[in-house]
Amino acid sequence: MDKGWRFALGHATDPSKDFDPAPPGTVFSYFAKAGTAQGAARDRFDDSKWRSLDLPHDWAVELPFDSLGSNSHGSKAIGKNFPENSVGWYRKTFDVPAADRGRRIALDFDGVFRDSQVWVNGFYLGRATSGYTSFGYDVSDYLNYGGRNTVAVRVDASLEEGWFYEGAGIYRHVWLTKTAPVHVARSGTFVTTSVGGRGSSVDVRTTVQNDADAPARFEIGQTITDPEGRPVATWASKTISIGPGGRVETPSTLRLGHVRLWSVETPTLYRLVTTVRQDKREVDRYETPFGVRTIRWDASKGFILNGKRVQLKGVCDHQDHAGVGVAVPDALEEWRLKQLKKMGVNALRTSHNAPNPALLDACDRLGILVMDENRETGINPQQLESLGRMITRDRNHPSVVIWSIGNEEWSIEGNDKGARVTSTMQAYAKSLDPTRPTTVAISGGWGAGSSTTIDVMGFNYFTHGNTDDYHAKFPNRPSVGTEDGATLSTRGVYVSEPPKGWLSAYDVNGPDWASTAHRSVNHYAVRPFVAGQFQWTGFDYRGEPTPFGWPNIASQFGILDLCGFPKDNFYYYRAWWSDAPSLHLFPHWNWPGKEGQPIDVWVHGNVAEVELTLNGTSLGRKPMPRFGHLEWKVPYSPGVLLAKGYSDGKEVLSDRVETTGEAEGLRLGSDQASIKGDGEDLAVVAVSAADAGGRAVSTAGAQVTFEISGPGRIIGVGNGNPSSHEPDQAVGGVWRRVLFNGLAQVIVQSTGGPGEIVLTAKSGGLKPATLRIKAAPTPRRPFVP
Ligand code: GAL
């Protein structure tokens, strides 16, 4: 249901500007009578002048920056000071064939930020306040079979849920799910596995729901297929009776002989295919990807996967990317994870909310361990329901290894209320999933409150207490560094310029609770009783422009910038978190006017020794400290600065920076030369500038405009400048962006169909660049009736 929506802004405080549900002369409003909702909720409302768009969509990212906007949320002109920008309406018409009569049809939303109300054909379906919880409504009784149907969604983003950029709108997928009346319930399978000496057993609890008003009889079939799609185990139930409107849970056990375990290195996925049969006919089919693996959180050894200790080398991230805001398409979620993997990341904390389901699918495929985090801490029915929905939705993902029930609840984490709330939420989580522990990210009062009742202690910043004292006091409680680092740096900046909101990319800056990458990695590297750490953050995100305020609008805690361009600390982590040999020399070597003055030169890498030369003259050879880096002070003179890395006495790697001339032409590059022509896949394109000798000019700052032709469209542009007020979206139809320290990004998405997408970048005075991306033909996904 992602394609072909209409969109318009309504109004948060003035009903006359919000497609008034009760204009003069009408009697009924939204809710008065079934199927008679008024205003834009009405089926026969004229939305022909509204804008057309596809999902996912974030209207906040399209808005200008404003000093009256919430700075923690990125200072967009939305929120309580902007009622005219804070309510969005979405409408879509869709056909339902006459043959669907008798099916159960649900409208499912993966996430809407926030406070959404939904109507179908003028019938009110309900309200979902949380912007992070997936929800759905049964619409079967309200549909026009063999006819046209209308869905209307009112989204009110006036209020905030977090303290970071949260976007606005239907920013995740919407689905129309059609089933037989007797069908597997939503999130209706729960797969758990155990591994023994001779193979493994797969236990499945399947909930079947009968939405008909008559009793029914059915059989369940289970088939497990291996990664190649071959069936490797089957199971069949006896006939089961179910009452009208009833739900029945059926346990089954299947055995796998030779099993390939899911791990970080080999994320093997099996698939459980559940069928429901009535009168010998298959009426429903439900597929559950899963993995077979064992996990254990150990108080002295940390995290154990398949019997082996795995150091969690993790990052925390928000759902937010350059150009698109929170409307991150699936392919971009996957691209982001792949950038993290390049620096050795093996774990992700979905701070501070239930993630996009597509993110977890990608973590399953890529072998990334997930701390799946809940948004609101508390035990009211709505809060527990949100936690419960996250757990039942996500509990079959092998990547998910722990639930986080909250983050830094300052007023309760260190006292009895915190202990009690934690216990209640934890018990509830266990009732839904006894196979994973829970944690909470705790920033103070270690030894009291939540930290006395939680399964796995979550240290939020080791500087906030004493991890060793805690371990001595609670020797039987496992622990993990839920959040650490919070180093601040701007990509490509080597001299801080606070008035511009830029901080140098050497590993030296951070607020008082933070520590450098160096300090935080070293802290956890020598404490194997802690399972590892999650750094704040993988990517920059909008909002929280610590330590600055307006006009700064984006955070710079990221190890990569908002576009996913690596900052220099990326190479620190790659050196010590990944096994790949690596060497990285910085800063750039364009310092006109600084001739003879000392420049700080750093090298990150995991070689044994590094020798630095400037224009062929050695500046010394130094041993690389473990979990450290090397530094030189080099009097500037233009030319070539070269670092040679040695291991076992042999030169194994080198890296160089070189003084360049002025930018002479633009460059476009992408590691995705070919994408699927499926209307969803995308290529992330880097824009840069080179001098006449073909050398990348990392100080270039030209304004670049973009044009596209073929079966593709631009969905956003960015450059990673945390202070930029340039638009991420095309204004007046023109896509443009300034290069920030030599780089900008364009995200190109398939519009559907095969062909050649041609992207052109132009800038006055520079040679233009063209990139051709092949959109490959893709078979239509099979429709499973
Ligand atoms: C933590 C918090 C994060 C972020 C971070 C910045 O206290 O959990 O959400 O605000 O500080 O360092």
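Start at 1 and go down the list; that is how both ligands and their atoms are numbered. None of these values were measured; they are calculated from a predicted model.
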Looking only at protein heavy atoms, which one is nearest to [atom], and what is the separation?
{"atom": "atom 1 (C) of ligand 1", "answer": "E483 OE2, 2.8 Å"}
{"atom": "atom 9 (O) of ligand 1", "answer": "H352 NE2, 2.6 Å"}
{"atom": "atom 12 (O) of ligand 1", "answer": "W513 NE1, 2.9 Å"}
{"atom": "atom 7 (O) of ligand 1", "answer": "E408 OE1, 2.5 Å"}
{"atom": "atom 10 (O) of ligand 1", "answer": "E544 OE2, 2.8 Å"}

Note to self: Between F135 and R389, does the side-chain contact (heavy atoms from CB on, under 4.5 Å) criterion hold? Intermediate values first, please.
What the structure shows: CA-CA 8 Å; F135 57 93; R389 282 197 193 191; 3.1 Å; yes
May I ask you to check if ligand 1 and [X] share an N or O to N or O distance below 3.5 Å?
{"X": "Y541", "result": "no"}
{"X": "W410", "result": "no"}
{"X": "H318", "result": "no"}

Notebook entry, point to check: In chain order, what residues pass the salt bridge (charged side-chain N to carboxylate O under 4.0 Å, His left out) check against D455, with sequence neighbours excluded?
Noted result: K430
Margin query: Tell me every residue that passes salt bridge (charged side-chain N to carboxylate O under 4.0 Å, His left out) with D728, counting only those two or more places apart in sequence or in another chain.
Written below: R542, R737
Next item on the list: Let me know which of D561, D540, D507 forms a salt bridge (Lys or Arg N to Asp or Glu O under 4.0 Å) with K567.
Entry: D540
Note to self: Under 4.0 Å from a heavy atom of A486: which atoms of ligand 1 are those, numbered in the order shown and with their elements?
What the structure shows: 12 (O)
Note to self: I need the atoms of ligand 1 closer than 4.0 Å to a non-hydrogen atom of F557, numbered in the order shown.
What the structure shows: 6 (C), 12 (O)
Check: For ligand 1, does F164 get within less than 4.0 Å through its side chain, its backbone, both, or neither, judged by non-hydrogen atoms?
Finding: neither
Check: Given that the side chain starts at C-beta and the backbone is N, CA, C, O, which of these parts of N407 lies under 4.0 Å from ligand 1, counting heavy atoms, or is it both or neither?
Finding: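 Under 4.0 Å from ligand 1, N407 contributes side-chain atoms alone.
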Margin query: Walk me through whether N353 and Q319 qualify under side-chain contact (heavy atoms from CB on, under 4.5 Å).
Written below: CA-CA 9 Å; N353 48 261; Q319 178 172 339; 5.7 Å; no
Check: Is any side-chain N of the basic residue among E62 and K76 closer than 4.0 Å to the acidic one's carboxylate O?
Finding: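 No, no charged N to carboxylate O under 4.0 Å.
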Notebook entry, point to check: Would you call R349 and D317 a salt bridge, using N to O less than 4.0 angstrom?
Noted result: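 No.
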Margin query: For W403, run the side-chain hydrogen bond (donor to acceptor under 3.5 Å, both in side chains) check against D372, N374, T439, D433 and tell me which one passes.
Written below: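 The single option meeting the side-chain hydrogen bond (donor to acceptor under 3.5 Å, both in side chains) with W403 is D433.
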